Amino acid sequence: MTSYIPPSKNQSPYLPFGDQRGAQFYGKDILSVNQFSRHDIEYIFGVAKEMREMVTRIGTFDLLKGKILANLFYEPSTRTSSSFTSAMERLGGSVIPINEVRYSSVSKGESLPDTVRTLECYADVIVIRHPEMGSAALAAKYASKPIINAGDGVGEHPTQALLDLFTIVSELGKVDELTITMLGDLKYGRTVHSLSRLLTLFKVKLNYVSPEILRMPPEIITELKSKGMVQAEYNTLDPVISKTDVLYVTRVQKERFENQDDYESVKGTFVITPEVMDQAKDKMIVMHPLPRVGEIAMEVDDDPRAAYFRQMESGLYVRMALLAMVLGKA
Ligand code: NCD
């Protein structure tokens, strides 16, 4: 009897001839935005647009019928976990949800490598969120099925960055030449760590506005500078608000502070109100990965420039595209 040899990472069994661009993602992990080229992004967004169209027209279809996703969340999540669940189910697949690790063998002291090697016996792809930086890469080292990083501590959140970029393109029609201002907790916010890195593929200007103790980590600034990114740091929004095309607001990441007094000293430093919006361009968009805890006043929600709820919806289409791609069906 010949033993089964799985296709190598670059061979999709579903795309033997024809367009092979998606095939390069087959069986691959998604760990960091640094793995993507501009060409990859265009391809992913093309698939995401098709997913949007299909969801609008028929809701659920059978592209991933028979496939199983394990959603392994060691940290709280509403949007990321439920959008991955929805993405898988809209593609006809199913989900093993492990949101409460305290009820799983993790609470018995099982290691991450053992947990992922267990889950891959039952699932075709594993989405993981974990409080430690590098945890998704560690999981990928031990798993042979694709691992998708849904946030590794203060490290990265690559699928969020892709959906953020997809939102910018959907809202403003382009990325090049934009001024993007990131505001809030730039030290601990993994979404801005990933998005700023992803933006090095484009010709943009990045402004960082934060309290002193929450500045963008110097190693990220250096990494981006070496790739030619134009960056500037501020401690108030005033000098940049009127020149900003995308205002990316973040939550102060309370759970990451070693000293809660430090958190108390910076929480509520920045609040986007209708008065702040009065100073902004008519076409500026406000984004936020959510959850918000007071950084954007609810009175801003009705402003057509408030894009954060539309941004959340983008997450579904981008994650559908990524799942289809890593499972060799896009
Ligand atoms: C973000 C996260 O988990 O990093 N949330 C999300 O995935 N939409 C941002 C946050 O928690 O502040």
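Ligands are counted one by one from 1 in listed order, and the atoms in each one are counted from 1 as well. These numbers were taken from a predicted model, which means no experiment stands behind them. Side chains are part of it too, since the values below use all heavy atoms of this structure and drop only hydrogens, waters and symmetry mates.
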Worksheet item: Taking side chain as C-beta onward, heavy atoms only, is Leu247 less than 4.5 Å from Ile285?
Response: no

Worksheet item: For Asp301 and Tyr308, does a side-chain donor sit closer than 3.5 Å to a side-chain acceptor?
Response: yes

Worksheet item: In terms of atom number and element, which parts of ligand 1 are under 4.0 angstrom from non-hydrogen atoms of His157?
Response: 2 (C), 4 (O), 6 (C), 7 (O)

Worksheet item: Among side-chain atoms of Ser194 and Glu156, is any donor-acceptor pair under 3.5 angstrom?
Response: yes

Worksheet entry | Geometric N/O contact Pro291 with ligand 1, under 3.5 angstrom | no

Worksheet item: Between the side chains of Arg251 and His288, does any donor sit under 3.5 Å from an acceptor?
Response: no

Discussion item. Can you see whether Asn207 engages Thr179 through a side-chain donor-acceptor pair at a distance of less than 3.5 angstrom?
Written reply: no

Fill in: Check: Gln160 N/O within less than 3.5 Å of ligand 1 N/O
yes

Worksheet item: Hey, is Glu75 one of the residues with a heavy atom under 4.0 angstrom from ligand 1?
Response: no

Worksheet entry | Contact atoms of ligand 1, heavy-atom distance to Leu290 under 4.0 Å | 1 (C), 5 (N), 6 (C), 8 (N), 9 (C)

Worksheet item: Which heavy atom of the protein is the closest neighbour of atom 8 (N) of ligand 1, given with residue, atom name and distance?
Response: Pro289 O, 2.9 Å

Worksheet item: What protein heavy atom is closest to atom 11 (O) of ligand 1, reported as residue, atom name and distance in Å?
Response: Arg251 NH2, 2.9 Å

Worksheet entry | Ion pair check, Lys174 and Glu177, cut-off under 4.0 Å | no

Discussion item. Could you tell me, atom by atom, which parts of ligand 1 come under 4.0 Å of a heavy atom of Thr80?
Written reply: 6 (C), 7 (O)

Discussion item. Parallel, tilted or perpendicular: which one describes the rings of Phe257 and Tyr263, with boundaries at 30° and 60°?
Written reply: perpendicular

Worksheet item: Do Arg190 and ligand 1 have an N or O pair less than 3.5 Å apart?
Response: yes

